[in-house]
Amino acid sequence: MKLEAVDFNAEDAAERFVESLRNTGFGVLKNHPISQDLVSSVYANWQGFFDSDDKGDFTFNPKTQDGFFSAKVSEVAKGHKKRDIKEFFHYYPWGQCPDALKAELDNYYAEANKVALQLLGWVEQHSPDNVAANYSQSLSSMVDGSDKTLLRVLHYPPMSGEEDVDAIRAAAHEDINLLTILPSANEPGLQVLSIEGDWLDVPCDFGNLIINIGDMLQEASGGYFPSTTHRVVNPEGADMSKSRISLPLFLHPKPEVVLSERHTADSYLMERLRELGLI
């Protein structure tokens, strides 16, 4: 099976996109409205941030989860023992950010959110009646006015060859949120686990937009939309010397939103953050 890109502007884009999400947990879009020049600029400017000593001035706030997370406190994926080989910055419009980078990142955050809301609308539009009946409220209203949607600027540093055995850039995991919106990274490595149990390379053509389902949408849909396992594998050969920058936007509901009889958005998020060792 191969993940193929859907043309964002095609007449049947919504139907094909939601069908891909349903079958694989992932969708890949081309000709989407997010500016590629903006993405390229964010990659370049944040590479400079991660290469500098200034990043230590923005250490994350444990209570609000905004700011810089070093490789020493990076996530341990659920069910794994080794920390991922990465560092990252959590950006919220209300949170901390280097002054020189904030305006551009705020612009990207707004662009990505606009697309994310449209895609969530597609999911809602193409949810079967029996699935939509599980939603405590419309999907779009779950995120309306939410200040929990997170933009993570990820940096996977070059490989030194001295990494812990079995440690990889991002161990197999599922996302917590409703949908994740991700422009193709500047280097390959993202893989998704198929229903058949095979690891598939996600197309990394620059200009593609990659969307995957998170646990919260799986929970809210009663399992109809699967939160799919994915990972970022280590590069080999000459690619070991290259950094990888990635820009996932995690679309989050308001904390009080009821996902299911078991969870609100807040209770689910707190449970997962504890599992990841971030709180």
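The residues of the chain are indexed from 1 along the displayed sequence. The structure displayed is predicted, hence computed values, not measured ones.
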Aromatic plane relationship, F69 with H90 - under 30° parallel, 30 to 60° tilted, over 60° perpendicular:
tilted
Tell me whether the rings of F50 and H155 are parallel (<30°), tilted (30 to 60°) or perpendicular (>60°).
parallel
Using distance alone, with no hydrogens and no angle criterion, decide if [X] and [Y] have a side-chain donor and acceptor under 3.5 Å apart.
{"X": "S41", "Y": "E104", "result": "yes"}
{"X": "T64", "Y": "D66", "result": "yes"}
{"X": "N61", "Y": "Q96", "result": "no"}
{"X": "N31", "Y": "D7", "result": "yes"}

How far does [atom1] of [X] sit from [atom2] of [Y], to the nearest 0.5 angstrom?
{"X": "D12", "Y": "E19", "atom1": "CG", "atom2": "CD", "answer": "9.5 Å"}
{"X": "W46", "Y": "S52", "atom1": "CH2", "atom2": "OG", "answer": "9.5 Å"}
{"X": "E174", "Y": "M216", "atom1": "CD", "atom2": "CE", "answer": "14.0 Å"}
{"X": "L139", "Y": "L120", "atom1": "CG", "atom2": "CG", "answer": "5.0 Å"}
{"X": "S140", "Y": "L117", "atom1": "OG", "atom2": "CG", "answer": "8.0 Å"}
{"X": "L119", "Y": "L251", "atom1": "CG", "atom2": "CG", "answer": "9.5 Å"}

Test of understanding: clusters of I, L, V, M, F, W, Y form through side-chain heavy atoms closer than 4.5 Å, transitively. Do [X] and [Y] belong to the same one?
{"X": "I210", "Y": "L193", "value": "no"}
{"X": "F250", "Y": "L105", "value": "no"}
{"X": "L150", "Y": "I181", "value": "no"}
{"X": "M270", "Y": "V73", "value": "yes"}
{"X": "L259", "Y": "F225", "value": "yes"}

Which heavy atom in [X] sits nearest to a heavy atom in [Y], and how many Å separate them?
{"X": "Q191", "Y": "V233", "result": "OE1-CG1, 3.2 Å"}
{"X": "I211", "Y": "L29", "result": "CD1-CD1, 3.6 Å"}
{"X": "L247", "Y": "V42", "result": "CD1-CG1, 3.6 Å"}
{"X": "G27", "Y": "L21", "result": "N-CD2, 3.6 Å"}
{"X": "M142", "Y": "A220", "result": "CE-CB, 4.5 Å"}
{"X": "E111", "Y": "I34", "result": "OE1-CA, 3.4 Å"}

Do side-chain atoms of [X] reach the backbone of [Y] as a donor and acceptor pair under 3.5 angstrom?
{"X": "S20", "Y": "F17", "value": "no"}
{"X": "S136", "Y": "V258", "value": "yes"}
{"X": "Q218", "Y": "S227", "value": "yes"}
{"X": "K254", "Y": "A265", "value": "no"}
{"X": "K30", "Y": "G207", "value": "no"}
{"X": "S146", "Y": "H252", "value": "yes"}
{"X": "S267", "Y": "H263", "value": "no"}

With sequence neighbours left out, the residues meeting side chain to side chain donor-acceptor pair (under 3.5 Å) with T59 are none
Run the numbers on E256 and T264 for side-chain contact (heavy atoms from CB on, under 4.5 Å), then give the verdict.
CA-CA 6 Å; E256 67 274 13; T264 63; over 6 Å; no
Side-chain heavy-atom pair [X], [Y] within 4.5 angstrom cut-off:
{"X": "I213", "Y": "P226", "result": "yes"}
{"X": "P253", "Y": "L178", "result": "yes"}
{"X": "Y92", "Y": "D147", "result": "no"}
{"X": "K148", "Y": "D266", "result": "no"}
{"X": "V115", "Y": "H32", "result": "no"}
{"X": "N212", "Y": "T228", "result": "no"}
{"X": "L269", "Y": "L273", "result": "yes"}
{"X": "P98", "Y": "F89", "result": "yes"}

Around E15, counting heavy atoms of other residues, nucleotides and ligands shown, do more than 12 lie under 6.0 Å from its CD?
no
Exceeds 12 heavy-atom contacts within 6.0 angstrom, atom CD of E11
no
Y43 vs V39, side-chain contact (heavy atoms from CB on, under 4.5 Å): CA-CA, chis, key distance, verdict:
CA-CA 6 Å; Y43 285 165; V39 172; 3.5 Å; yes
Could you check L182, T180, V192 and say which one makes a side chain to side chain contact (heavy atoms under 4.5 Å, CB included) with F26?
V192
side-chain contact (heavy atoms from CB on, under 4.5 Å) evaluation trace for V153 with F68
CA-CA 9 Å; V153 189; F68 172 67; over 6 Å; no
Please walk me through it: do R152 and K86 pass side-chain contact (heavy atoms from CB on, under 4.5 Å)?
CA-CA 12 Å; R152 173 182 283 182; K86 66 188 182 188; 4.1 Å; yes
Using the test side chain to side chain contact (heavy atoms under 4.5 Å, CB included), find all partners of P93 that sit at least two apart in sequence or belong to another chain.
Y91, D106, Y109
If you look only at pairs with a residue in residues 118-131, which of them pass as a side-chain hydrogen bond (donor to acceptor under 3.5 Å, both in side chains), with sequence neighbours excluded?
S127-Y135
